[in-house]
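Here the structure is laid out as structure tokens; the discussion comes afterwards.
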Amino acid sequence: MKRALVTGGSGGIGAAICRKLAADGFDVAVHANSNLDKAEAVAAEIRATGGSAHAIAFDVTDAAASKAALEKELEAGPIQVLVNNAGIHADAPFAGMSAEKWASVIDVSLNGFYNVTQPLTLPMIRTRWGRIINISSVAGVIGNRGQVNYSAAKGAINSATKSLALEIASRGVTVNAVAPGFIDTGMIEGVLDAETIKKLIPMQRVGKPEEVADLVAFLASDSAGYISGQIISINGALA
Ligand code: NAP
């Protein structure tokens, strides 16, 4: 059974990805930071429906804690599917954006990508089969007002996706980014009202976490073995 790690599995999109990967036959590590109880609940639900999962927690901005937790995970074997999904936003107009808001968002999305992906890359390469899927955002593709920090972090993830894909393509490991538009999770609560959704999104609705999970699961499958270095949008024709 191949092993998968989904960072931010305690959140809305991450939990849906964990459920779908488990249904597709992966042994899933459901990751959390502060909400380990939510990750435990997702893992328990997967086990109750016949899947294989366990919960783990660490702060992806803490390089030492991430490395220690991942080394422990690797004792049970290589992780062959990594979904870098943990992310935060801290919006403000750039002219008034604090250094703390700038740094915190970059730290989780970009430094977190390094802290989790780097220790797992060599063990994955050694198996000659792997999938790295980075959850980006429409904001990293076309930009968004009030999200210069978030756009910068996600845009950097898109570029890192392309470079890492080139480096490890010959080892059977694909690297792709999924760039969602507005998806129905806690992250967009209070951000968009019904009227704005109708005006802004051509499909006149927000996306479901399960729709993102289906795309991620396809990229994690054998069928997607020739797709790498791509930024794939899922946004109701928003961009
Ligand atoms: P969410 O429900 O707020 O979940 C965020 C997840 O990230 C949580 O599991 C959280 O863990 C984890 N996390 C935050 N800081 C962390 C840290 N320092 N270390 C480790 N984990 C950390 O958000 P979501 O909507 O599911 O978003 C998931 C991903 O999709 C994010 O990368 C987000 O940028 C991206 N995205 C979302 C949307 C959207 O509309 N929802 C659109 C485009 C892109 P704890 O709760 O355990 O602390």
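As the structure lists them, so they are numbered: ligands from 1, and atoms in each ligand from 1. Please read these numbers as outputs of a predicted model, since none were measured by experiment.
- The closest donor-acceptor contact from the side chain of Asp59 to the backbone of Thr61 lies under 3.5 Å.
- Protein residues having a heavy atom under 4.0 Å from any atom of ligand 1 are Gly8, Ser10, Gly11, Gly12, Ile13, His31, Ala32, Asn33, Ser34, Asn35, Phe58, Asp59, Val60, Thr61, Asn85, Ala86, Gly87, Ile88, Val108, Ile135, Ser136, Ser137, Tyr150, Lys154, Pro180, Gly181, Phe182, Ile183, Thr185, Met187, Ile188, listed by chain and number.
- Residue pairs meeting the ring-ring contact (aromatic ring centres under 6.0 Å, His included) criterion with at least one partner in residues 92-136, sequence neighbours excluded, do not occur; the list is empty.
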Go through the steps to decide whether Ser136 and Asn158 satisfy the test side chain to side chain donor-acceptor pair (under 3.5 Å), and finish with yes or no. CA-CA 7 Å; Ser136 176; Asn158 293 347; 2.8 Å; yes
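- The main-chain N or O of Leu192 is never found under 3.5 Å from a side-chain atom of Thr196 such that the two would form a donor-acceptor pair.
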Result block: side-chain N/O donor-acceptor pairs under 3.5 angstrom for residues 198-205, not counting sequence neighbours:
residue: Arg205; atom: NH1; partner: Glu211; partner atom: OE1; Å: 3.1
residue: Arg205; atom: NH2; partner: Glu211; partner atom: OE2; Å: 2.8

Extract all donor-acceptor atom pairs below 3.5 Å that involve side chains of residues 4-32 and protein atoms in other chains or at least two apart in sequence.
residue: Thr7; atom: OG1; partner: Val83; partner atom: O; Å: 3.4
residue: Thr7; atom: OG1; partner: Asn85; partner atom: N; Å: 2.8
residue: Thr7; atom: OG1; partner: Ala86; partner atom: N; Å: 2.9
residue: Arg19; atom: NE; partner: Glu45; partner atom: OE1; Å: 3.4
residue: Arg19; atom: NE; partner: Glu45; partner atom: OE2; Å: 2.8
residue: Arg19; atom: NH2; partner: Glu45; partner atom: OE1; Å: 3.4
residue: Lys20; atom: NZ; partner: Asp24; partner atom: OD1; Å: 3.4
residue: Asp27; atom: OD1; partner: Ser52; partner atom: OG; Å: 2.8
residue: His31; atom: ND1; partner: Gly8; partner atom: N; Å: 3.0
residue: His31; atom: NE2; partner: Phe58; partner atom: O; Å: 2.8

